[in-house]
Amino acid sequence: MSFPLLTATAVLPAVGAIATAAVPAKQRTAAKWLALLFSLATLVAAAVVAVRFDPDGDRYQLTESHAWIKDFGVRYELGVDGIGLALIALTALLIPFVILAGWNDADPMETGNTRWRPTQGFFALILLVEAMVIISFEATDVFLFYIFFEAMLIPMYFLIGGFGDRAGPHGEKEAATQRSYAAVKFLLYNLVGGLIMLAAVIGLYVVAGSFSLSEIAAARANGSLDMATNTERLLFLGFFFAFAVKAPLWPLHTWLPNAMGEATAPVAVLITAVVDKVGTFAMLRFCLQLFPEASKWATPVILVLALISIVYGALLAVGQRDIKRLVAYASISHFGFIILGIFAMTSQGQSGATLYMVNHGLSTAALMLVAGFLISRRGSRLIADYGGVQKVAPVLAGTFLIGGLATLSLPGLAPFVSEFLVLVGTFSRYPVIGIIATIGIVLAALYTLVLYQRTMTGPVKPSNEGIADLKARELTVVVPLIAVLIFLGVYPKPLTELVNPAVKHTMSDVHKKDPKPEVEAAHK
């Protein structure tokens, strides 16, 4: 039997979480280095998976399949396609930077009454989330996916509620209340979505007699599985609702600004750059593959919701006074683009959506982590408290600008390629929606440049004169992210070659072909 490489990529961070949590309380530095070591080992394992993967080979590769709960037909089945591999690579790449950025975020702190932040627990929870996210990208058994889709809510709840931002605009007591509210809201929204999905998962088993994607696909191909139209639509809605909450899609988005605003910057990155990607990924893997006809039936409504997310999120970002909430609303707008590309049902749109998942993760991580470094120095998230920072911390301001330019999809940076493909793919089938979606580009330029202008330019405010520039550890976090953003912006071929064959399979699932361009002859 071949080595279970996919299992290893998920087990490594899980083992790391246990080992980190077991480090004695006073050895906080050892716990940090141990967590970083396991995250780097996971990155190496993900790199080995990437080397072993053949984009032109079978749809799901490095597969593992073992009986698990025989009485209920549940199997431990893993397999990776190009889309899943791209997101595993993103996750494995970001977690070491998240750990480095949050190096001091969970050190013990005393304000008034003693309130301890257990360092070991903080980093163990981050690794645990990584393990659950990676196995979600690998699972080809619907029930196995559901377990980890829901289980990741528990460590995220504690990361948001127990390790919140120390630089909030409120006093310590009110800040604790806000963190608790944000964590509970995050948990309740996602639990409701998960419970509805559980009903749909059970319904799928009743109809199909299996949780295995491969078995269900084979049954559809040979005609032994023929879902009634209403049944397929109801099951699709159960799955899609849970994924739309996780994504998040308007109007199910309201938990995200609270969660990102009250979490530390590294945890905010974990939420929007890693965990939320499970929702959009699952739309491609499960909604379109399991319920192709229902997906086409629901497309017009989903496209409208995605369009609202794009414009609504960008408009609210423009009006924000809180740096972290601005990034949160910008992410809602960006997730609208991702969902738009998925349900445009074109190869350009779905390739662009997959690239957008990766590139949004990189750009948001760069911007949010630099913003976190800035906030930790000044002790405030409010935009109005800043001004003239580029004069006292030019490197910090420069990296902040590059992260912001990536967020607005400047040509030459990675997000431009993905946003361009999404818009081209949408326009080729739904020209009106494609045109309206471009409003999001204009608004992105507005909120990003206004944010930079108000925080970094102008005279230095007296309260900002002591802001220090980025240190070695912080540069170690930011510089590689910027380098990857520039590399993929100039040369996106490694990603496109990886995801395009998987997109072809998805297009085949829904029996869709790209619309042919209408070319009118100049002379007859």
Side-chain angles (χ1 to χ4, degrees), residues 35 91 94-95 97-107 109 111 115-119 121-130 132-133 152-170 172 174-190 245-248 253-279 317 320-332 334-335 360-361 364-376 378-382 403 477:
T91 303
L94 287 182
I95 296 301
F97 297 127
V98 166
I99 290 173
L100 278 173
W103 200 253
N104 301 317
D105 285 357
D107 287 344
M109 180 183 73
T111 54
R115 178 169 157 272
W116 295 97
R117 296 166 176 266
T119 303
F122 179 74
F123 292 105
L125 289 171
I126 290 174
L127 290 173
L128 190 58
V129 171
E130 180 183 23
M132 292 178 177
V133 168
M152 70 180 70
L153 301 179
I154 298 170
M156 286 307 307
Y157 169 81
F158 288 109
L159 284 170
I160 297 168
F163 301 91
D165 194 356
R166 303 179 185 182
H170 315 290
E172 177 61 25
E174 188 176 349
T177 302
Q178 292 296 324
R179 286 193 295 270
S180 177
Y181 171 78
V184 170
K185 189 174 183 179
F186 161 83
L187 187 64
L188 289 179
Y189 266 68
N190 284 274
V245 172
K246 184 86 79 180
H253 68 283
T254 60
W255 63 268
L256 183 65
N258 296 100
M260 288 185 65
E262 300 305 324
T264 62
V267 173
V269 169
L270 195 63
I271 295 169
T272 190
V274 177
V275 172
D276 287 354
K277 298 301 187 300
V278 177
Q320 288 303 305
R321 296 180 296 174
D322 183 311
I323 296 174
K324 291 167 72 176
R325 289 178 71 91
L326 185 151
V327 178
Y329 280 110
S331 292
I332 291 169
H334 295 148
F335 274 103
H360 169 262
T364 298
L367 180 60
M368 179 60 85
L369 293 178
V370 177
F373 297 147
L374 175 65
I375 291 168
S376 66
R378 175 64 176 79
S380 174
R381 305 192 322 234
L382 298 179
V477 172

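- Considering only heavy atoms from C-beta on, Lys246 comes within 4.5 Å of Met152 through its side chain.
- Judged by distance alone, the side chains of Thr272 and Ser331 do bring a donor and an acceptor atom under 3.5 Å apart.
- Inter-residue side-chain proximity for Leu125 and Val129 is flagged as unmet; no heavy-atom pair is nearer than 4.5 Å.
- Between Tyr157 and Val184, some side-chain heavy-atom pair lies under the 4.5 Å cut-off.
- Pro266 is not listed as a side-chain neighbour of Phe97, based on a closest heavy-atom distance of 4.5 Å or more.
- Taking 4.5 Å as the limit, some side-chain heavy atom of Thr254 sits within range of a side-chain heavy atom of Lys185.
- Using a distance-only test at 3.5 Å, with no hydrogens or angles considered, a donor-acceptor pair links the side chain of Arg381 to the main chain of Gly261.
- Residues Gly102 and Phe122 come closest through the heavy atom pair O-CE2, 3.8 Å.
- Interatomic distance, Leu256 CG to Ile332 CD1, rounded to the nearest 0.5 Å: 5.0 Å.
- Among all heavy-atom pairs drawn from Gly372 and Ala265, the shortest one is CA-CB, 3.6 Å.
- At a threshold of 4.5 Å between non-hydrogen side-chain atoms, the residues Arg179 and Glu262 count as touching.
- Leu159 contributes atom CG, which lies 8.5 Å from atom CD1 of Ile271 (distance to the nearest 0.5 angstrom).
- Between the side chain of Lys277 and the backbone N or O of His360, no donor-acceptor pair lies under 3.5 Å.
- Closest heavy-atom contact between Tyr181 and Asn258: CE2-ND2, 3.7 Å.
- To the nearest 0.5 Å, atom OG1 of residue Thr264 and atom CD1 of residue Ile160 are 9.5 Å apart.
- Of all the heavy atoms in Ala101 and Leu369, the pair that sits closest is CB-CD2, 3.6 Å.
- The shortest distance between side-chain heavy atoms of Val274 and Val98 does not fall below 4.5 Å.
- A 4.5 Å side-chain heavy-atom check between Lys324 and Val327 finds every atom pair outside the cut-off.
- With rounding to the nearest 0.5 angstrom, the CZ atom of Phe163 is 10.5 Å from the CG atom of Asp105.
- Nearest heavy atom pair, residue Tyr329 against residue Pro257, reads CZ-CG, 3.5 Å.
- Scanning all heavy atoms of the two residues, the minimum distance from Pro248 to His253 falls at CB-CA, 3.7 Å.
- Proximity of a side-chain donor or acceptor of Trp255 to a complementary backbone N or O of Val245 within less than 3.5 Å is detected.
- Here the straight-line distance linking atom CD1 of Ile154 with atom CG of Leu187 works out to 8.0 Å at 0.5 Å rounding.
- Separating the CE atom in Met260 from the CG atom in Leu326 is a distance of 10.0 Å, to the nearest 0.5 Å.
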